[in-house]
Amino acid sequence: MCISFQMLICTFESERETIRKRQKEGVAAAKAQGVRFGRPVKKPPDNFNSLVKQWECGKLSIAELLKLTELKEATFYRRLRELRSAEGIE
């Protein structure tokens, strides 16, 4: 029984390696065709700069700003960091 169990384990390991190889090839082929993996990028609206300035002046609350931009809070702060780094502001 012990020998047949070891043979079964070897078969499963071999099959798993084959599956991983095929998966890697499939991902490479998809990337070569331009397929993007992961979540889609949520871009800020065109008036993002003016909305940020209004928020910084206290004319908009963070809740209002998030509603207007249709961004989640973490995404908003990420886009704000990107905006400031692009402008050279820390």
Side-chain angles (χ1 to χ4, degrees):
M1 181 166 167
C2 191
I3 294 174
S4 63
F5 186 66
Q6 287 176 347
M7 289 177 57
L8 191 60
I9 289 174
C10 286
T11 305
F12 287 146
E13 287 175 352
S14 174
E15 183 62 25
R16 183 65 191 139
E17 287 174 18
T18 305
I19 290 170
R20 284 186 178 160
K21 181 181 173 190
R22 284 192 212 135
Q23 181 182 16
K24 196 174 197 178
E25 291 171 354
V27 168
K31 284 186 177 182
Q33 293 177 355
V35 175
R36 293 198 59 216
F37 291 90
R39 294 184 64 143
V41 176
K42 181 79 174 179
K43 298 191 180 200
D46 293 333
N47 62 344
F48 186 69
N49 292 352
S50 65
L51 292 172
V52 168
K53 287 177 184 174
Q54 291 177 31
W55 171 67
E56 290 173 334
C57 293
K59 294 179 182 176
L60 286 176
S61 70
I62 188 70
E64 293 170 325
L65 179 65
L66 295 176
K67 192 171 188 178
L68 290 170
T69 59
E70 296 180 353
L71 298 173
K72 299 289 184 186
E73 190 171 0
T75 307
F76 165 73
Y77 283 114
R78 187 177 312 115
R79 298 297 172 250
L80 182 61
R81 273 194 313 274
E82 292 170 359
L83 174 69
R84 288 181 175 164
S85 67
E87 292 176 350
I89 302 170
E90 290 298 319

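Scope of the values below: all heavy atoms of this structure, side chains included, with no hydrogens, waters or symmetry mates. This structure is a prediction, so every number in the text was calculated from the model and none was measured.
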So the salt bridge (charged side-chain N to carboxylate O under 4.0 Å, His left out) pairs with at least one residue in residues 57-67 (sequence neighbours excluded) are none
Exceeds 12 heavy-atom contacts within 6.0 angstrom, atom CZ of Phe37
yes
For Glu73, the salt bridge (Lys or Arg N to Asp or Glu O under 4.0 Å) test, sequence neighbours excluded, returns none
Sorted by chain and residue number, the side-chain hydrogen bond (donor to acceptor under 3.5 Å, both in side chains) partners of Gln54 (sequence neighbours excluded) come out as none
Donor-acceptor contacts, no H, no angles, side chain residues 13-36, under 3.5 Å, sequence neighbours left out:
unit_1	atom_1	unit_2	atom_2	d
Thr18	OG1	Ser14	O	3.0

Between Lys43 and Leu71 the two heavy atoms that sit nearest each other are O-CD2, 4.3 Å
Across all chains, not counting sequence neighbours, the ring pair (Phe, Tyr, Trp, His ring centres under 6.0 Å) partners of Phe76 are Phe48, Trp55
Rounded to the nearest 0.5 Å, the CE atom of Met7 sits from the OG1 atom of Thr11 at a distance of 6.5 Å
Separation between CD1 (Ile62) and OG1 (Thr69), nearest 0.5 Å, reads 8.0 Å
Residue set satisfying side chain to side chain contact (heavy atoms under 4.5 Å, CB included) with Glu70, at least two apart, ordered chain then number -> Lys42
Rounding to 0.5 Å, atoms CG (Leu60) and CG (Leu68) come to a distance of 6.0 Å
On a heavy-atom basis, the closest approach of Leu65 and Val52 is CD1-N, 4.5 Å
So CD of Glu56 and CG of Leu51: to nearest 0.5 Å the spacing works out to 11.0 Å
